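What follows is a single structure, written as structure tokens, with notes after it.
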Amino acid sequence: MWIDRVDRWLDWLKWPVATVAVLATPSLLWSSWKILLSVPEHPWNAGTFLFGLIAFVFMWRSYLHGTRIGKWIIRAEHEFTHLIFAVLTGHRILSFRTKEKEAQVRFRGKGNWLITSAPYFFPTSALVLFLLSLLMPIRLLPWTNVFLGIATGFHVVSGYHETHRDQDDLKQLRWPFCWCFLPAANLFFLSLLLAVALMGWSGLIELFTHGLELPKMLVETAFGSADRSSTGGGE
């Protein structure tokens, strides 16, 4: 069955991906820092993004935290993210329901680590709200950044509440893998949301360009030192 093959291939890639994530973390930190430094250059976009983030945090702390609807929203987004990655990896969805303390997504096949880990790094709410913002009238385009700010706040809050030692998904993934992969994955997507909010689609290019700067500097430093050593030795 080809779905089982996809799962086996992904299982084989699990630790190589985690290794790449660890190696990429310094570059991710560097690119994130560069994006943060560019905030003063985009005051309107940064302000609307920050407004959405603060608005959600205020709403959560004041009205949603600890309530049944708050728990349901987190669970619904969590399970919908499992569903998205199950579909993306070729699994047929058998049922989708959400309850407060129970996983309700069922799909054909045994699944893979990408489906299991997806809710802990992928901001599904940002994707949904971004698509919703595209339906807004032209005069309300700043709402795109507000929605991205709301989604970022939700992603941070839901990640905080769902990442704990008793979480079955994380036990299944194993904690060493979680520590290797999830910090880098979250850093990437949070930086991505901020970059898009500040600069639109060109923010993607900025993020990846900055991500390549640190490896480039290290290579230039290494080869420059080697060239100087070689020149010195010749004298």
Side-chain angles (χ1 to χ4, degrees), residues 1-14 17-18 52-53 56-57 59-60 63-136 143-144 146-175 177-178 181-182 185-186 188-190 192-193 196:
M1 191 173 179
W2 73 275
I3 295 177
D4 293 332
R5 292 182 180 178
V6 171
D7 289 336
R8 285 197 297 270
W9 291 337
L10 285 171
D11 286 341
W12 181 83
L13 288 172
K14 179 179 178 180
V17 168
L53 193 155
F56 175 80
V57 173
M59 181 68 68
W60 179 264
Y63 302 105
L64 296 176
H65 178 67
T67 65
R68 184 172 300 178
I69 184 64
K71 293 177 181 178
W72 182 86
I73 291 172
I74 288 180
R75 173 55 60 185
E77 197 255 5
H78 181 103
E79 298 304 328
F80 188 62
T81 307
H82 280 314
L83 183 150
I84 290 174
F85 279 79
V87 171
L88 290 176
T89 54
H91 295 76
R92 178 184 173 186
I93 303 301
L94 301 178
S95 66
F96 175 58
R97 295 181 297 166
T98 58
K99 290 185 178 181
E100 192 171 304
K101 295 183 180 180
E102 184 179 356
Q104 292 291 317
V105 173
R106 294 178 57 248
F107 50 84
R108 189 178 300 279
K110 72 180 183 66
N112 54 69
W113 65 268
L114 193 55
I115 298 173
T116 304
S117 65
Y120 304 94
F121 71 86
F122 187 77
T124 299
S125 56
L127 175 63
V128 173
L129 291 178
F130 178 76
L131 294 176
L132 179 62
S133 72
L134 297 180
L135 302 177
M136 303 292 285
W143 283 102
T144 301
V146 173
F147 286 169
L148 287 176
I150 292 171
T152 301
F154 178 83
H155 182 64
V156 172
V157 167
S158 63
Y160 174 79
H161 281 277
E162 295 198 316
T163 305
H164 53 81
R165 66 177 65 185
D166 296 323
Q167 179 58 257
D168 291 337
D169 288 337
L170 301 181
K171 289 180 181 179
Q172 180 180 339
L173 290 167
R174 305 292 185 185
W175 284 105
F177 172 81
C178 294
F181 175 70
L182 292 180
N186 275 282
F188 170 75
F189 279 106
L190 289 173
L192 182 64
L193 290 174
V196 171

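The analysis underlying the following values was restricted to heavy atoms, covering all of them including side chains, and did not include hydrogens, waters or symmetry mates. Here the structure is a predicted model, which means the values were calculated and not measured.
- Considering CZ of F189 and CG of L127, their distance stands at 10.0 Å, rounded to 0.5 Å.
- Remark: T152 engages F49, L53, L190, L193 in a side chain to side chain contact (heavy atoms under 4.5 Å, CB included) (not counting sequence neighbours).
- For the atom pair SG (C178) and CZ (R165), the distance works out to 13.5 Å, reported to the nearest 0.5 Å.
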**Message:** Run the side-chain contact (heavy atoms from CB on, under 4.5 Å) test on N112 and W9 for me, step by step, so that the C-alpha distance in whole Å, both residues' side-chain angles and the decisive distance to 0.1 Å come before the verdict.
**Reply:** CA-CA 9 Å; N112 54 69; W9 291 337; over 6 Å; no

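- Here the CG-CD distance, from L170 to E162, works out to 9.0 Å after rounding to the nearest 0.5 Å.
- Around CH2 of W175, the count of heavy atoms belonging to other residues, nucleotides or ligands within 6.0 Å exceeds 12.
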**Message:** The test is side-chain contact (heavy atoms from CB on, under 4.5 Å); show your working for I69 and L64 and say whether it passes.
**Reply:** CA-CA 7 Å; I69 184 64; L64 296 176; 3.7 Å; yes

**Request:** Show the numbers, then the answer: is there a side-chain contact (heavy atoms from CB on, under 4.5 Å) between D7 and H91?
**Result:** CA-CA 10 Å; D7 289 336; H91 295 76; 3.0 Å; yes

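- The two residues G90 and I3 make their nearest non-hydrogen contact at O-CD1, 3.1 Å.
- For W60, the side-chain hydrogen bond (donor to acceptor under 3.5 Å, both in side chains) test picks out H65, with sequence neighbours left out.
- In terms of heavy atoms, A126 sits closest to A151 at CA-CB, 3.3 Å.
- By the 30° and 60° cut-offs, the orientation of the rings of H82 relative to H78 is perpendicular.
- When the side chain to side chain contact (heavy atoms under 4.5 Å, CB included) test is applied to L13, the partners found at least two apart in sequence or on another chain are V17.
- Take Q172 and apply the side chain to side chain contact (heavy atoms under 4.5 Å, CB included) test, not counting sequence neighbours, and it matches T116.
- One finds the CZ atom of F85 at 5.0 Å from the CZ atom of F122 (value rounded to the nearest 0.5 Å).
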**Chi angles and distances behind the side-chain contact (heavy atoms from CB on, under 4.5 Å) call for F107, R92** = CA-CA 5 Å; F107 50 84; R92 178 184 173 186; over 6 Å; no

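- Under a 4.0 Å N-O distance rule, the pair R108/D4 does not qualify as a salt bridge.
- Among all heavy-atom pairs drawn from A76 and F96, the shortest one is O-CZ, 4.4 Å.
- Judged as a side chain to side chain contact (heavy atoms under 4.5 Å, CB included), and not counting sequence neighbours, the contacts of N186 are F121, H155, L182.
- The closest side-chain heavy-atom distance from T81 to Y120 is not below 4.5 Å.
- Rounded to the nearest 0.5 angstrom, E77 CD and I84 CD1 are separated by 8.0 Å.
- From R174, atom CZ reaches atom NZ of K14 across 7.5 Å, with rounding to the nearest 0.5 Å.
- L148 is not listed as a side-chain neighbour of L129, based on a closest heavy-atom distance of 4.5 Å or more.
- Of the possible donor and acceptor atoms, one in the side chain of T89 sits under 3.5 Å from a partner among the backbone N and O of A86.
- Contact between T124 and F80 at its shortest, heavy atoms only, is CG2-CD2, 3.6 Å.
- Sorted by first and then second residue, the salt bridge (charged side-chain N to carboxylate O under 4.0 Å, His left out) pairs involving residues 148-158 (not counting sequence neighbours) form an empty list.
- F154 approaches S125 most closely through the heavy-atom pair CD2-OG, 3.4 Å.
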